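Note sheet for the following structure.
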Amino acid sequence: MIGAIEAPNPDYLTTKVGLVQVISVSSLKGGVGKTTVTLGLASAAFAKGLRTLVIDMDPQSDVSAALASRSSHGYSVESVLTNTSGSIVRQAVVPSSWTGQNDIPVHIMMGSPTVSAHDTPTPTKHDLWKLEEALASIEAQYDLVLIDCPPSFNALTQTAWTAADGVVIVAEPGLFSVTAVHRTLLALQAMRLKMSPRLRTAGVIINRLRRDNPEHEFRLQEMGDLFGDHILDPMLEETITLQRATGAATPIHRWPGDVAQNISRQFDRLLVQILTDGRR
Ligand SMILES: Nc1ncnc2c1ncn2[C@@H]1O[C@H](COP(=O)(O)OP(=O)(O)OP(=O)(O)O)[C@@H](O)[C@H]1O
Ligand SMILES: [Mg+2]
């Protein structure tokens, strides 16, 4: 078990010192590990004492379940997209179950199945600005905002990207994931032109790698050729430890054992790269 939380490290925030960074965790393919990566990065931020907000944009609401909040006022991201006023936004945000009495809290803007009503295929620009607008009333309270996205490019993902500074793409080393990364990079290009010139590609995280799988080795080579610079190091291997920590609503940095410690260090390194844009 990892003991005391280290002091906040302002070096994490070198691109926008003192300002919040909003990072969307996305993939246009389902089940590749977006929620798992969101939780791993949130755990790294938590361990470093960064004031962190996780926003659950996915109607499946998996990240809300994993962060199992103790208190909810009945407001959610759906309420926020319906009414962006500060009082609603503040009530949709609650402390996560990770947060103990002496911790710098990780907060969650709760997800809801009803948010799918906002996931239209042809959103207006006004619709897409809503999360950005809503964040204005609370973002000064945070160093980092992580948005867990649904696996599609409808309005919810576009709304998340409009509010974001950077997008992390999650991919498995498989054929359909390679094509999904390509589609996601094209979609990012389109969003830069349409809505948000500041939006950067914060990197591709390869997840669920199995070193003993020749197909994975082949796809890794292919992804290296196609997306080279975008691929972040380290890559995350498939391990039951991550599933267990998620299932127990526990940050990986507080899960016992060497495997959990190694994964924690990997998420630490990924978070630094994502926030400092170190590879590009
Ligand atoms: N590195 C890993 N090792 C082992 N299991 C993993 C790993 N990453 C993700 N998983 C498992 O894979 C499943 C899908 O992961 P996750 O829910 O994070 O994907 P997702 O992209 O968020 O899915 P969705 O598109 O449905 O939102 C989960 O059961 C999760 O525990
Ligand atoms: Mg998910």
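For ligands, and for the atoms within them, numbers begin at 1 and follow the listed sequence. Model, not experiment: these values are computed from the prediction.
Of all atoms in ligand 1, listed by their number and element, those nearer than 4.0 Å to a heavy atom of Pro151 are 25 (O). Close approach of ligand 1 to Gly30 (heavy-atom distance below 4.0 Å) involves ligand atoms 25 (O).
Closest to atom 19 (O) of ligand 1 among all protein heavy atoms lies Gly33 N, 3.0 Å. Of the protein's heavy atoms, Arg208 NH1, 3.6 Å lies nearest to atom 13 (C) of ligand 1. Atom 17 (O) of ligand 1 has Thr35 CB, 4.1 Å as its closest protein atom, hydrogens excluded (heavy atom only). For atom 21 (O) of ligand 1, the nearest non-hydrogen atom of the protein is Lys34 NZ, 2.7 Å. Closest to atom 3 (N) of ligand 1 among all protein heavy atoms lies Thr239 N, 2.9 Å. Given atom 18 (O) of ligand 1, the protein heavy atom at minimum distance is Thr36 OG1, 2.6 Å.
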- Task: Tell me, with the steps shown, if Arg254 and Asp103 meet salt bridge (Lys or Arg N to Asp or Glu O under 4.0 Å).
- Result: CA-CA 13 Å; Arg254 289 193 168 172; Asp103 295 327; 3.2 Å; yes
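Under the 4.5 Å side-chain criterion, counting only non-hydrogen atoms from C-beta, Thr201 is in contact with Arg192. No side-chain heavy atom of Asn207 sits under 4.5 Å from any side-chain heavy atom of Val32. In this structure the side chain of Glu217 reaches within 4.5 angstrom of the side chain of Arg211, judged on heavy atoms. Counting heavy atoms from C-beta on, the side chains of Asp56 and Thr35 never come closer than 4.5 Å. Here the side chains of Gln158 and Pro123 are in contact, with some heavy-atom distance below 4.5 Å.
Side-chain N or O atoms of Ser96 include none that pairs as donor or acceptor with a backbone N or O of Leu67 at under 3.5 Å. Looking at Ser43, its side chain does come within 3.5 Å of a backbone N or O of His253 through a donor-acceptor pair.
Residue contact annotation: Asn207 has a non-hydrogen atom under 4.0 Å from ligand 1. Put simply, part of Gly31 is less than 4.0 Å from ligand 1, judged by heavy atoms.
Of the protein's heavy atoms, none falls inside 4.0 Å of atom 28 (C) of ligand 1. Protein heavy atoms come within 4.0 Å of atom 25 (O) of ligand 1.
Of all the heavy atoms of Leu242, the ones lying under 4.0 Å from any atom of ligand 1 belong exclusively to the side chain. Contacts between Asp58 and ligand 1, counted as non-hydrogen atom pairs separated by less than 4.0 Å, involve the side chain only. Counting heavy atoms closer than 4.0 Å to ligand 1, residue Glu237 contributes backbone atoms (N, CA, C, O) but none from C-beta onward.
Here's the thing with Ile240: none of its N/O atoms is less than 3.5 angstrom from an N/O atom of ligand 1. For a threshold of 3.5 Å applied to N or O pairs, the pair formed by Gln243 and ligand 1 contains at least one separation below that value. Taking distance alone, with nitrogen or oxygen atoms compared against 3.5 Å, Gln60 approaches ligand 1 more closely than that limit.
At a cut-off of 3.5 Å, with distance as the only test, a side-chain donor of Thr82 or Glu78 sits close to an acceptor on the other residue.
Shown here for His216 and Arg210, the closest heavy-atom pair between the two residues is ND1-N, 3.0 Å. For the residue pair Val168 and Ala202, the shortest heavy atom distance occurs at CG2-CB, 4.0 Å. Smallest separation of non-hydrogen atoms from Thr84 and Val89: O-CG2, 3.5 Å.
When distances to the Mg ion (ligand 2) are checked against a cut-off of 2.8 Å, Thr38 contributes no N, O or S atom below that limit.
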